[in-house]
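Atoms considered below: every heavy atom in the structure, side chains included; atoms not considered: hydrogens, waters and symmetry mates. One-based numbering, in listed order, for ligands and for the atoms of each.
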Amino acid sequence: MTILEKAPAKINLSLDVLRKRDDGYHDVEMIMTSIDLADRIELDRLNEDRIDISLESRYVPSDERNLAYKAARAFKNKYGITEGVHISIEKSIPVSAGLGGGSADAAAVLRGLNRLWSLNIPFDELADLGSTIGADVAFCVYGNTAIARGYGEKIEKLPSPPPCWIILAKPDIGVSSRTVFGHIELEKISHPDTNAVLAALKEKDFSKMCRNIGNSLEDITFGLHPEVLRIKEAMVHAGATGVLMSGSGPTVYGLVEQQNKATRIYNGMRGFCDEVYLVRLLG
Ligand code: ATP
């Protein structure tokens with residue numbers, strides 16, 4: 001039996017950095033929502049106690065460094081599974097882009113193994129296990145729309161945003177979250193109005209949501225990679241209603257209600273940036 005799992009990317013509607021903890025991590029507050037841009041994960045049983053990964057990517061290792069491998073290892077250890085698994089990953093989510101691709105894959109492996117071995121483990125438990133692998137894995141176990149607190153492991157579900165289109169523009173650079181978090185000067189960073197975004201979601205108010213989306217890490221990534229700021233300016237100029245960098249970047253997204261306007265902006269951004277996507281919010 002082959003198990004198929006979709007691993008959707010996420011965007012940050014808000015990302016606030018609150019404080020630095022004694023363990024070196026930062027406490028954050030992030031509103032995230034899933035988008036219709038997904039990797040595909042296929043899982044097959046192996047008789048031997050092995051975890052095999054197959055994927056074709058120049059940027060992602062297919063060995064024990066892969067987050068999908070780490071998820072399978074953690075799952076097998078926790079539940080004492082001695083059977084092996086073959087994991088095939090078809091990547092569509094750009095790598096090191098701020099879209100949580102590795103975390104999405106890890107979460108999909110946890111959900112998929114739960115089905116493959118018919119264990120019926122509740123999602124809350126899978127999310128706890130996921131948060132030991134990466135900060136965004138807990139969110140990706142549930143998907144949809146949620147606010148994450150702590151270092152990302154405490155998840156509270158939220159109403160989905162009003163339906164809209166999203167244009168993603170990724171410059172040809174990868175940005176590591178570790179580097180961006182390393183540049184944080186807490187007294188200098190800006191803070192989004194998270195409560196206003198929460199209110200906009202509850203009221204399903206598209207304009208209010210677009211006016212209030214915000215990301216404490218934007219200025220840091222703009223400082224390190226000025227081309228990301230230029231992409232944001234181009235997306236604003238093109239007429240997207242809400243524009244923000246996702247995660248630690250470098251992907252910038254634009255939110256638009258009407259499909260024809262979204263298509264126009266998508267075509268315009270393609271002249272400006274190599275990797276551009278037009279998708280819907282899933283959350
Ligand atoms: P982060 O915030 O962790 O940088 P991101 O969304 O910006 O996340 P990812 O696409 O998750 O970026 O990739 C981050 C790093 O994780 C890359 O160095 C990549 O090689 C590594 N990685 C490990 N496993 C995976 C995977 N299954 N898919 C994508 N990247 C992976």
Does a donor on one side chain and an acceptor on the other come within less than 3.5 Å for [X] and [Y]?
X	Y	result
Asp16	His191	yes
Glu275	Tyr277	yes
Asn144	Ser34	no

When you check the gap from the basic side-chain N to the acidic O, do Lys70 and Asp105 get nearer than 4.0 Å? no
When rounded to the nearest 0.5 angstrom, what distance separates NE2 in His183 from OG in Ser248? 12.5 Å
In Leu244, Leu99, Ile31, the residue satisfying side chain to side chain contact (heavy atoms under 4.5 Å, CB included) with Ile11 is Leu99
Atom pairs, nitrogen or oxygen, ligand 1 to protein, under 3.5 angstrom:
residue  : atom   : partner : partner atom : Å
ligand 1 : 2 (O)  : Ser177  : OG           : 2.3
ligand 1 : 4 (O)  : Ser177  : OG           : 2.9
ligand 1 : 6 (O)  : Leu99   : N            : 3.4
ligand 1 : 6 (O)  : Gly100  : N            : 2.6
ligand 1 : 7 (O)  : Ala97   : N            : 3.3
ligand 1 : 7 (O)  : Gly98   : N            : 2.8
ligand 1 : 10 (O) : Ser96   : N            : 3.0
ligand 1 : 11 (O) : Gly102  : N            : 2.8
ligand 1 : 12 (O) : Ser96   : N            : 3.2
ligand 1 : 20 (O) : Tyr59   : O            : 3.2
ligand 1 : 24 (N) : Asn66   : OD1          : 3.4
ligand 1 : 24 (N) : Leu67   : N            : 2.9
ligand 1 : 27 (N) : Asn66   : OD1          : 2.9
ligand 1 : 27 (N) : Asp105  : OD2          : 2.9
ligand 1 : 28 (N) : Lys91   : NZ           : 2.9
ligand 1 : 28 (N) : Asp105  : OD2          : 3.3

